[in-house]
Number of protein chains: 2
Amino acid sequence: MSNPGKDQVQCDCNVIHEEVVKRVRAKMPEEETLYDLAEFFKVFGDSSRIKIIWALFEEEMCVCDIAYLLNMTQSAVSHQLRVLKQARLVKPRREGKNMFYSLDDEHIAAIFKEGLNHIAE
Amino acid sequence: MSNPGKDQVQCDCNVIHEEVVKRVRAKMPEEETLYDLAEFFKVFGDSSRIKIIWALFEEEMCVCDIAYLLNMTQSAVSHQLRVLKQARLVKPRREGKNMFYSLDDEHIAAIFKEGLNHIAE
DNA sequence: TGAACATATGAACCTATGCTCATATATTAA
DNA sequence: TTAATATATGAGCATAGGTTCATATGTTCA
């Protein structure tokens with residue numbers, strides 16, 4: 001019978017509860033899923049992006065409006081919108097020289113609500 | 001009548017839709033709330049912490065078990081547990097020489113579920 | 001076309017952060 | 001008390017990430 005953790009080399013302490021580890025290991029999702037989940041939440045982990053998302057909760061806005069509202073440079077807003085766009089959280093719509101951004105995800109409201117519940121405690 | 005945005009100095013472009021900005025500004029939460037929300041999500045924005053939280057979904061574990069399960073050093077796990085503890089997401093329980101950690105928040109499951117819904121799309 | 005304006009983007013800078021390493025603290029057992 | 005073990009923590013390092021700056025792209029209008 002092989003040691004189920006024989007490929008673990010970094011752990012520098014003794015295993016106390018082998019059975020617990022085995023049970024939990026069996027329930028862990030794939031590495032990639034956990035990585036993607038972290039990447040997704042990382043997008044919400046910056047107050048500039050949180051502000052942009054919150055603003056777009058109310059209504060569609062162009063880049064310039066967002067920059068003015070949040071007291072940010074046009075460039076900073078544009079860079080952050082790119083991050084949000086790549087995470088498929090906002091979508092752009094061109095109207096002449098303006099790009100209007102709006103939310104592109106129905107999960108955000110629920111996630112924010114749970115987050116607010118936590119920090120309100 | 002004063003310009004409602006006269007204190008905005010960083011914006012380097014012209015305001016296109018003054019009314020939109022005014023409406024959205026009226027609906028924005030306090031600066032501190034948005035900052036706290038970002039800080040909260042930042043905790044989820046790292047795959048090591050995501051893994052620890054997911055493991056604790058299954059059952060309470062001691063530091064050594066977690067390190068072994070996730071192939072991390074005891075020190076790295078301990079540092080991350082401190083972050084999670086400060087965010088009031090996990091709570092410790094001492095039993096002899098071991099510290100057992102368990103989840104301390106009922107919102108996490110709901111937040112993870114929404115996050116998984118998003119990345120599954 | 002060319003000028004004016006809105007937005008996008010690459011490079012550089014600076015700060016934040018996750019890890020390692022060494023060591024401190026805490027508990028148990030001899 | 002001393003040794004052994006489990007966990008916590010401060011310092012330092014390396015990388016990631018957010019902003020600025022300069023400039024490119026794209027659109028409208030004369």
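Residue numbers begin at 1 in each chain, while the letters A, B, ... track the order of the sequences.
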Could you go through C62(A) and H17(B), starting from their C-alpha distance and side-chain angles, then the distance that decides it, and tell me whether this counts as side chain to side chain contact (heavy atoms under 4.5 Å, CB included)? CA-CA 8 Å; C62(A) 71; H17(B) 310 89; 3.9 Å; yes
If two hydrophobic side chains count as joined below 4.5 Å and joins carry through other members, does L116(B) share a cluster with M28(A)? yes
Pair K42(B) + E39(B), salt bridge at N-O below 4.0 Å: yes
Could you list all N or O pairs between the protein and nucleotides 22-30 of chain D that sit under 3.5 Å apart?
none

Minimum side-chain heavy-atom gap R49(A)-D46(A) below 4.5 Å: yes
What residues in residues 40-57 of chain A put a non-hydrogen atom under 4.0 Å from any atom of DNA chain C? none
Between dC19(C) atom P and N71(B) atom CG, what is the distance in whole Å? 12 Å
Give the cluster check for F100(A) versus M72(A): same hydrophobic cluster or not, with ILVMFWY residues linked at side-chain heavy-atom distances below 4.5 Å. no
Are the side chains of Q86(B) and R82(B) in touch, meaning some heavy atoms are under 4.5 Å apart? yes
With a 6.0 Å cut-off (strictly less than), is the heavy-atom count around NZ of K91(A), excluding the residue itself, greater than 12? yes
Phosphate oxygens OP1/OP2 of dT7(D): is one of them under 4.0 Å from a side-chain N or O of N98(B)? yes
What's the verdict on ring-ring contact (aromatic ring centres under 6.0 Å, His included) for F112(B) and F57(B), showing C-alpha distance, side-chain angles and the deciding distance? CA-CA 11 Å; F112(B) 272 33; F57(B) 262 131; 5.6 Å; yes
One thing to verify: whether E58(B) and R23(A) come together as a salt bridge, which I'm taking to mean a side-chain N less than 4.0 angstrom from a carboxylate O. no
Contacts to DNA chain C from residues 76-93 of chain B, heavy-atom cutoff under 4.0 Å, which residues? A76(B), H79(B), Q80(B)
Rounded to whole Å, OH of Y35(B) lies from P of dG18(D) at a distance of 14 Å
At less than 4.0 Å, is any side-chain N or O atom of Y101(B) found next to OP1 or OP2 of dA6(D)? Yes or no. no
Of the nucleotides dT7(C), dT7(D), dT20(C), which one has an atom closest to the side chain of T73(B)? dT20(C)
When hydrophobic residues are tied together by side-chain contacts of less than 4.5 Å, even through go-betweens, does I52(A) share a cluster with L34(B)? yes
Any non-hydrogen side-chain atom of Y101(B) less than 4.5 Å from a side-chain atom of R93(B)? no
